[in-house]
Amino acid sequence: MRGGAITAAPAEESRHEPRHEPVFADGEGPTLGLLVPSATYYYPNGVDYPNVVDGVRAVAAPRGARIVIGLTDYAPTRDLEQIDELCASGADGLLIASANGHYVPEATPERPRATGKPFVLMERHPEDPYEPCEFVVSDHRQGAYRAVDHLRALGHDRSHAT
């Protein structure tokens, strides 16, 4: 999967020296709460949650971070309950892939914000486009463009639909 990211930080902030991340011994680092609809199922919107969970673990492990996973079993009503449970479990920050689909209701970002815990929505946008909220999403439009451009570069110049 390919994607891209655009920083939400103002340009002057991104010119600072790179941050050096602390390295902790196993179990001594931060605890990261990960909310996903399923840890084993390929979600219909194209997100492979087992790969997402594995990716979070792969990045967290060398940093000594502990991962706590909250599952909603695709029940949107469980999102807030799971956010509360992840916060109560000692999560220092949250990664949230809501069961609500691509756009999360206002209550979803409000819940962790009320606790003061940092959070990022994964493959989700806030319902309100002006919501001050961090989120990451796949760039499907760019991926489709690159796929078509690749086929054209291989000499395919028209559709051969059957």
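Note that the numbering runs from 1 along the sequence shown for the chain.
- Among residues two or more places apart in sequence or in another chain, the ring pair (Phe, Tyr, Trp, His ring centres under 6.0 Å) test is passed with Y103 by H125.
- With hydrophobic clusters built from ILVMFWY side chains whose heavy atoms lie under 4.5 angstrom apart, V59 does not share a cluster with V120.
- Screening residues 92-102 for salt bridge (Lys or Arg N to Asp or Glu O under 4.0 Å), with sequence neighbours left out, gives no hits.
- Note: I96 CD1 to E123 CD = 14.5 Å, rounded to the nearest 0.5 Å.
- At least one side-chain heavy atom of L121 sits less than 4.5 Å from a side-chain heavy atom of C133.
- For the pair A60 and I67, the tightest heavy-atom approach, listed with the atom from each and the gap, is CB-CD1, 3.4 Å.
- Taken to the nearest 0.5 Å, the CG atom of L35 stands 9.5 Å off from the CG atom of L95.
- Taking CZ from R57 and CG from L32, the interatomic distance works out to 11.5 Å, rounded to the nearest 0.5 Å.
- When the shell of 6.0 Å around CD of Q142 is examined, it contains more than 12 heavy atoms from other residues, nucleotides or ligands.
- Listed by chain and residue number, T77, R78 satisfy the side chain to side chain contact (heavy atoms under 4.5 Å, CB included) test with A75 (two or more places apart in sequence, or in another chain).
- Using a 4.5 Å cut-off on side-chain heavy atoms (C-beta onward), M122 and L34 make contact.
- Side-chain contact between P37 and D73 is absent, with no heavy-atom pair separated by less than 4.5 Å.
- Using a distance-only test at 3.5 Å, with no hydrogens or angles considered, no donor-acceptor pair links the side chain of K117 to the main chain of L94.
- If you take CZ on R141 and CZ on R146, they are separated by 15.5 Å, rounding to the nearest 0.5 Å.
- Applying the side-chain hydrogen bond (donor to acceptor under 3.5 Å, both in side chains) criterion to T31, with sequence neighbours excluded, gives R66.
- Under the side chain to side chain contact (heavy atoms under 4.5 Å, CB included) criterion, D84 pairs with R111, not counting sequence neighbours.
- Note that CD of E110 and CD1 of I83 are 11.0 Å apart. Values are rounded to the nearest 0.5 Å.
- Evaluation of the side chain to side chain contact (heavy atoms under 4.5 Å, CB included) rule for P76 yields A99, N100 as partners, not counting sequence neighbours.
- Residues forming a side chain to side chain contact (heavy atoms under 4.5 Å, CB included) with R152 (at least two apart in sequence, or on another chain): D149.
- Side chains of S98 and D79: a donor-acceptor N/O pair is present below 3.5 angstrom, by distance only.
- E131 meets the salt bridge (charged side-chain N to carboxylate O under 4.0 Å, His left out) test with R113; sequence neighbours excluded.
- Residues P109 and P105 share a closest heavy-atom pair of CD-O, 3.2 Å.
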